[in-house]
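Down below is the structure, laid out as structure tokens.
As the structure lists them, so they are numbered: ligands from 1, and atoms in each ligand from 1. The analysis underlying the following values was restricted to heavy atoms, covering all of them including side chains, and did not include hydrogens, waters or symmetry mates.
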Amino acid sequence: MIPRVKGTQDFLDLTVFNFVIDEIKKHLTTYHFSEIKTPILESVDLFKRSLGLYTQVVSKEMFLIHPPTPFALGSAEGGKKEAICLRPEATAPTVRAFIENNIQLLPWKVFSYGPMFRYERPQKGRYRQFHQINIEVIGSDSIAQDVQFIKMLDRFFHETLKMNNYALLINFLGCFDDRKAYELLLKDFLEGPKGQHICVQCHDRKERNIMRVFDCKNPQCQEIYRQAPTIVDQLCADCAAEWQQLQDLLRLLSISHAHRPTLVRGLDYYHKTVFEFVSPQLGAQDAFCGGGRYNQLVGQLGGKEDQSSIGAAIGIERLLLLLEPFKDQLPLPQPPALHVILPLSTGQHTLALLLADTLQAQDICIDVLFEGSIKSMMRKTNKMGAAFALIIGQSEQDTKTVMVKNMVTGEEKRVAQTEVADYLKG
Ligand code: HAM
């Protein structure tokens, strides 16, 4: 047996997965978002330029694709080899699509969902192929937009999915200048006496991408970072006012949240508002949704002018882990009642085929068992959870009837073949 690739999953029952997708589509329509789809393959440069060269995702986790050389050389591409990869996230691709399709009507409110790929060390809730629902508002600068966006997510989790086992963490990273000034201040702190005790990896992060030190899980480092200066205390006057407004509006809309000064998010493009929905039930990988404001990405990726934007992605696998214990309480769609046709010998196969075809054409859910003895077919029909077994032997064939057996009560009734559909429909 060739097993599945490490860090990937087989989904054998998509009921809850599809329920989440159907519900978020309905929910986002209410908030006037429209659905888009971008390719799974993208240029490596797109992510180098947007997520940042020193982020974990770009420096260590990209699934690079090598196109087959002879084909590429012989093709119309003239042998030019593109550096392509499997997308690790969907914000940069959405921004690329925004620029490439010359979208004019702002804000552009779109969502997409599908698989993402990161070469991470697999563990509970962390996969190499995972799925995200990605939601973006491109071209809106208002703090009220941030609050509406967060409320939209919170309402989805709390009211649609009836979740109450999570918390919303927020932070405010300020503008570009605030972030730069804060990075210098943090560097001073980490080069002082307290910073001598941070781990080797944090020393490395301090040099390359200093705000990422906060993501370290080492308890000793975490204790040190609790004493570090916080970015919200270093904001310029405009950003300080926006941070205050953000908190006031969150309160106004009754969105319970906690300020987490060390929440910086793992990707370089964020400024100002950042947030994560977390649940202790997920263990170490506790965020099932994360996002924030990114005001310079459109310009960075070649757009004519910058567009202030905000977005988030929901990790579907982590959401499914949280929904698992109470999935029976969700209003999941019920599958239609199943009926199984049992032709007792090959002589009745044609009749079984025709009857199945007639019933399926009337949207009645039908399966046919073409193999096995009557005893084993009945056992299988029972296991399949059928409502009725439709038995066709020689005598039923001769009399143009079907023996219809109620699988719950055991009651049997001979029904004319022309009347089976009406009988099943009740
Ligand atoms: P992210 O925090 O990297 O943000 O991912 C968002 C969510 O995807 C995480 O909170 C988590 O639930 C899920 N996730 C991430 N990596 C994995 C993994 N290896 N296995 C399972 N689930 C995972 C982004 O991707 C940003 N693009 C979000 C965003 C949209 N920001 C603005 N717009």
Side-chain angles (χ1 to χ4, degrees), residues 6-9 11 17 20 33 36 38 42 46-47 50-52 55-58 60-63 86-98 107-138 140 145-146 149-150 152-153 157 163 166-171 173 212 215 263-279 281-298 301 307-323:
K6 197 171 167 189
T8 65
Q9 285 194 98
F11 289 87
F17 190 113
V20 167
F33 283 84
I36 61 164
T38 61
E42 292 280 0
L46 178 66
F47 301 104
S50 55
L51 310 189
T55 55
Q56 185 102 341
V57 175
V58 168
K60 296 192 184 131
E61 297 172 358
M62 298 285 271
F63 272 96
L86 300 177
R87 62 182 179 195
E89 59 101 58
T91 305
T94 306
V95 170
R96 178 202 49 69
F98 171 81
W108 197 45
K109 294 172 73 176
V110 291
F111 73 97
S112 58
Y113 67 92
M116 309 292 151
F117 305 84
R118 297 183 192 176
Y119 195 78
E120 297 198 72
R121 193 174 320 147
Q123 55 174 259
K124 182 186 165 200
R126 190 161 74 185
Y127 307 97
R128 290 182 175 170
Q129 176 174 337
F130 59 97
H131 297 79
Q132 284 184 342
I133 297 163
N134 188 73
I135 313 159
E136 311 288 351
V137 180
I138 298 180
S140 171
Q145 183 73 256
D146 297 15
F149 192 90
I150 293 170
M152 175 274 292
L153 290 166
F157 300 134
M163 293 165 65
Y166 68 87
L168 166 63
L169 306 178
I170 61 164
N171 196 13
L173 302 181
R212 292 296 316 283
D215 292 338
L263 178 70
V264 291
R265 310 267 305 126
L267 313 167
D268 272 5
Y269 47 62
Y270 295 108
H271 286 111
K272 300 193 177 182
T273 310
V274 285
F275 57 88
E276 273 180 359
F277 287 85
V278 297
S279 172
Q281 283 161 22
L282 288 171
Q285 306 304 317
D286 63 354
F288 60 95
C289 174
R293 189 157 267 293
Y294 53 94
N295 289 351
Q296 295 179 336
L297 197 50
V298 175
L301 291 178
Q307 295 294 347
S308 297
S309 308
I310 183 167
I314 303 171
I316 301 184
E317 283 77 359
R318 293 189 195 168
L319 192 62
L320 296 184
L321 281 172
L322 289 175
L323 295 177

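The proximity of Gln132 to ligand 1, defined as any non-hydrogen pair under 4.0 Å, is limited to the side chain. Contacts with ligand 1 closer than 4.0 Å are made by heavy atoms of both the backbone and the side chain of Ala313. When heavy-atom distances to ligand 1 are checked against a 4.0 Å cut-off, Arg126 comes that close through both its backbone and its side chain. With a 4.0 Å heavy-atom cut-off, ligand 1 is reached by no atom of Phe149. If you look at Glu276 next to ligand 1, there are no close heavy atoms at all, none under 4.0 Å. Only the side chain of Asn134 comes within 4.0 Å of ligand 1, counting heavy atoms alone; its backbone N, CA, C and O stay farther away.
Scanning the protein heavy atoms around atom 18 (C) of ligand 1, the nearest turns out to be Phe130 CD2, 3.4 Å. Atom 30 (C) of ligand 1 has Thr91 OG1, 2.9 Å as its closest protein atom, hydrogens excluded (heavy atom only). Atom 12 (O) of ligand 1 has as its closest protein heavy atom Ala287 O, 2.9 Å. Scanning the protein for heavy atoms near atom 21 (C) of ligand 1, the closest one is Gly125 O, 3.2 Å. The protein non-hydrogen atom at the shortest distance from atom 4 (O) of ligand 1 is Arg265 NH2, 2.9 Å.
Residue Gln281 holds its CD atom at 6.0 Å from CG of Leu322, rounded to the nearest 0.5 Å.
Using the six-membered ring where Trp is involved, Phe275 and Phe149 have ring planes that are tilted, between 30° and 60° apart. The aromatic rings of Phe63 and Tyr119 sit perpendicular to each other, their planes meeting at more than 60°, with 30° as the lower class boundary.
Each of the following atoms of ligand 1 lies closer than 4.0 Å to a heavy atom of Glu89: 25 (O), 26 (C), 27 (N). Ligand 1 places these atoms under 4.0 Å from at least one heavy atom of Glu136: 30 (C), 32 (C), 33 (N). Close approach of ligand 1 to Cys289 (heavy-atom distance below 4.0 Å) involves ligand atoms 10 (O).
Applying the ring pair (Phe, Tyr, Trp, His ring centres under 6.0 Å) test to Phe11 and every residue at least two apart in sequence or in another chain returns Phe17, His131. Judged as a ring pair (Phe, Tyr, Trp, His ring centres under 6.0 Å), and not counting sequence neighbours, Phe111 has no contacts.
In this structure, Tyr270 has a heavy atom closer than 4.0 Å to ligand 1. Using a 4.0 angstrom heavy-atom cutoff, Leu267 counts as in contact with ligand 1.
The two residues Leu263 and Asn171 come nearest to each other via the heavy atoms O-ND2, 2.9 Å.
The residues Glu276 and Arg265 are annotated as salt-bridged, a charged nitrogen and a carboxylate oxygen being separated by less than 4.0 angstrom.
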